[in-house]
Student: 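My questions all concern the structure below.
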Amino acid sequence: MLRIAIQTKGRLNEDSLQLIAEAGISLEANKRKLLTRSNDFPIEVLYLRDDDIPQAVARGVADLGIVGQNEVEEKGYDVDTLIHLGFGKCRLSLAVPKTETYDSLSWFEGKRVATSYPRILRKYFGENSINADIHEIAGSVEIAPAVGMADAIFDIVSSGGTLVSNGLREVERVCKSEAVLIATPSLDGEKQKLLDQLIFRFEAVERSRGMKYVLLNIPCSRVREASRILPGMKSPTVLSLEREGWCAMHVVIREGELWGKIEELKTIGAEDILVLALEKMIM
Ligand code: PRT
Ligand code: ZN
């Protein structure tokens, strides 16, 4: 039996539960429990605050955890980071009041910087030989400069809207973060076997994100050209239609490239284009 720790509530909770569900693991319905079991995979889910997940995994209270890389790095516990999960994407940045003239990192010399990530910031300033006064605060870091608690902040940013609405400007992007799967180092053989199965499923779900399945009809004489536009995984599937001279192509494509490719395909005669969602990609 594996035990995986995920965030009880907050930004990573929903995506973590969705990933588990898409991996074919259903959980008991009772949401208020600290621990829930699955009936179809030997796993139980432990709900924790994200701050406590790295420690729980390092100590073996949970075998696995889903948490932001920022928390893993900040806490510094001995855990293995296994795979990136493609959600909870953000960055950790330094920001200063927008009225300040900022030209280089040396601006921070001797300044007071408020953050909930003192360890990551200390390392960054150390690498860049900056001596600043790091003030650790637990929450609402973005208001620290306005109330005179700090000259600048180091915090998580995603859209940047919070910085703007607090009169701050992002001046240095220090690192990126996303949700990761972490594990207690050296799990026993039985758990490792289950973990390999779980990773296989998580990777199949993750791989299919942002991918689409495209079906289209095209004159057979243009199939070669169309294959250059849509190379697919190994190559596109090509079938002949009942109507003479016409073929059908099936291919997997990255969503970001979809519209550009469709325009190109239309110019070489593609018709009846269907775009379907892709649930899992098992290689
Ligand atoms: O209660 P618990 O301790 O479990 O949760 P928490 O409040 O500490 O964390 P939570 O739920 O806010 O975030 C969990 C994780 O989500 C973080 O550790 C990051 O890995 C990740 N994440 C992704 C973010 C954001 N995006 C994010 N935007 N965490 C926080 N934010 C904050 C940001 O600091 C800002 O204050 O959200 C606000 C909005 O951001 P903007 O830039 O879009 O305005
Ligand atoms: Zn937290």
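Remember, it's 1-based here, ligands and their atoms both numbered in the order they're listed.
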Student: To which protein heavy atom is atom 7 (O) of ligand 1 closest, and what is the distance rounded to 0.1 Å?
Tutor: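 Ranking protein heavy atoms by distance from atom 7 (O) of ligand 1, first comes Gln7 NE2, 5.0 Å.
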
Student: Apply the test side chain to side chain contact (heavy atoms under 4.5 Å, CB included) to residues Asp51 and Lys75: give CA-CA distance (whole Å), side-chain angles for both, the deciding distance (0.1 Å), then the verdict.
Tutor: CA-CA 8 Å; Asp51 312 57; Lys75 297 297 188 292; 4.0 Å; yes

Student: Any ion pair linking Glu225 and Arg222 (charged N to carboxylate O, less than 4.0 Å)?
Tutor: yes

Student: If hydrogens are left out, which of Ile6, Asp51, Asn70 has an atom nearest to atom 19 (C) of ligand 1, that is, the closest non-hydrogen atom?
Tutor: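 It is Asn70 whose heavy atom sits nearest to atom 19 (C) of ligand 1.
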
Student: Can you name the one residue among Arg3, Lys191, Gln192 that meets side chain to side chain donor-acceptor pair (under 3.5 Å) with Asp63?
Tutor: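 With Asp63 as partner, Arg3, Lys191, Gln192 yield a single side chain to side chain donor-acceptor pair (under 3.5 Å), made by Lys191.
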
Student: Minimum heavy-atom separation for Pro54 to Ile182, with atom names?
Tutor: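 Taking every non-hydrogen atom into account, CA-CD1, 4.0 Å.
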
Student: Does only the side chain of Ser158 get under 4.0 Å from ligand 1, or the backbone, or both, or neither? Count heavy atoms.
Tutor: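 The part of Ser158 near ligand 1 is both the backbone and the side chain.
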
Student: Determine the minimum heavy-atom distance between Ala95 and Leu163, stating which atoms define it.
Tutor: CB-CD2, 3.9 Å

Student: Looking at Gly161, which atoms of ligand 1 are within less than 4.0 Å of one of its heavy atoms?
Tutor: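 Per the distance check, 42 (O), 44 (O).
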
Student: Would you mind checking which non-hydrogen protein atom is closest to atom 26 (N) of ligand 1, with the distance to 0.1 Å?
Tutor: Cys90 CB, 3.6 Å

Student: Starting at OG1 of Thr99, measure out to CZ of Arg169 and round the result to the nearest 0.5 Å.
Tutor: 9.0 Å

Student: Distance from Ile143 atom CD1 to Thr162 atom OG1, nearest 0.5 Å?
Tutor: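 Separation between the atoms: 12.5 Å.
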
Student: For ligand 1, find out whether one of its N or O atoms is nearer than 3.5 Å to an N or O atom of Glu142.
Tutor: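 No: no nitrogen or oxygen of Glu142 is under 3.5 Å from one in ligand 1.
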
Student: Going through the distances and angles, do Val157 and Arg173 end up as a side chain to side chain contact (heavy atoms under 4.5 Å, CB included)?
Tutor: CA-CA 9 Å; Val157 180; Arg173 295 181 175 196; over 6 Å; no

Student: Under 4.0 Å from a heavy atom of Gly68: which atoms of ligand 1 are those, numbered in the order shown and with their elements?
Tutor: 20 (O)

Student: Considering only N, O or S atoms, which atom of Asp51 is nearest to the Zn ion (ligand 2)?
Tutor: OD1

Student: May I ask which of Lys89, Arg11, Arg49, Glu178 has a heavy atom nearer to atom 27 (C) of ligand 1 than the others do?
Tutor: Arg11

Student: If hydrogens are left out, which of Gly139, Gly10, Gly88, Ser159 has an atom nearest to atom 21 (C) of ligand 1, that is, the closest non-hydrogen atom?
Tutor: Gly88

Student: For Glu100, is the CD atom crowded, meaning more than 12 foreign heavy atoms sit under 6.0 Å from it?
Tutor: yes

Student: Within Asp50, is some N, O or S atom less than 2.8 Å away from the Zn ion (ligand 2)?
Tutor: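 Looking at Asp50, which is the residue asked about, there is an N, O or S atom under 2.8 Å from the Zn ion (ligand 2).
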
Student: Under 3.5 Å between some N or O of ligand 1 and some N or O of Val157?
Tutor: no

Student: Minimum heavy-atom separation for Thr115 and Tyr117, please, with both atom names.
Tutor: OG1-N, 2.8 Å

Student: For atom 8 (O) of ligand 1, grab the closest protein heavy atom and report residue, atom and distance to one decimal in Å.
Tutor: Asp50 OD1, 3.3 Å

Student: What about Ile156: any of its N or O atoms under 3.5 Å from an N or O on ligand 1?
Tutor: yes

Student: Do me a favour and list the nearest non-hydrogen protein atom to atom 44 (O) of ligand 1 with residue, atom name and distance?
Tutor: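 Of the protein heavy atoms, Thr162 OG1, 2.6 Å lies nearest.
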
Student: Short list, please: which atoms of ligand 1 are under 4.0 Å from a heavy atom of Leu12?
Tutor: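 Taking each heavy atom of Leu12 in turn, ligand 1 has 15 (C), 16 (O) under 4.0 Å.
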
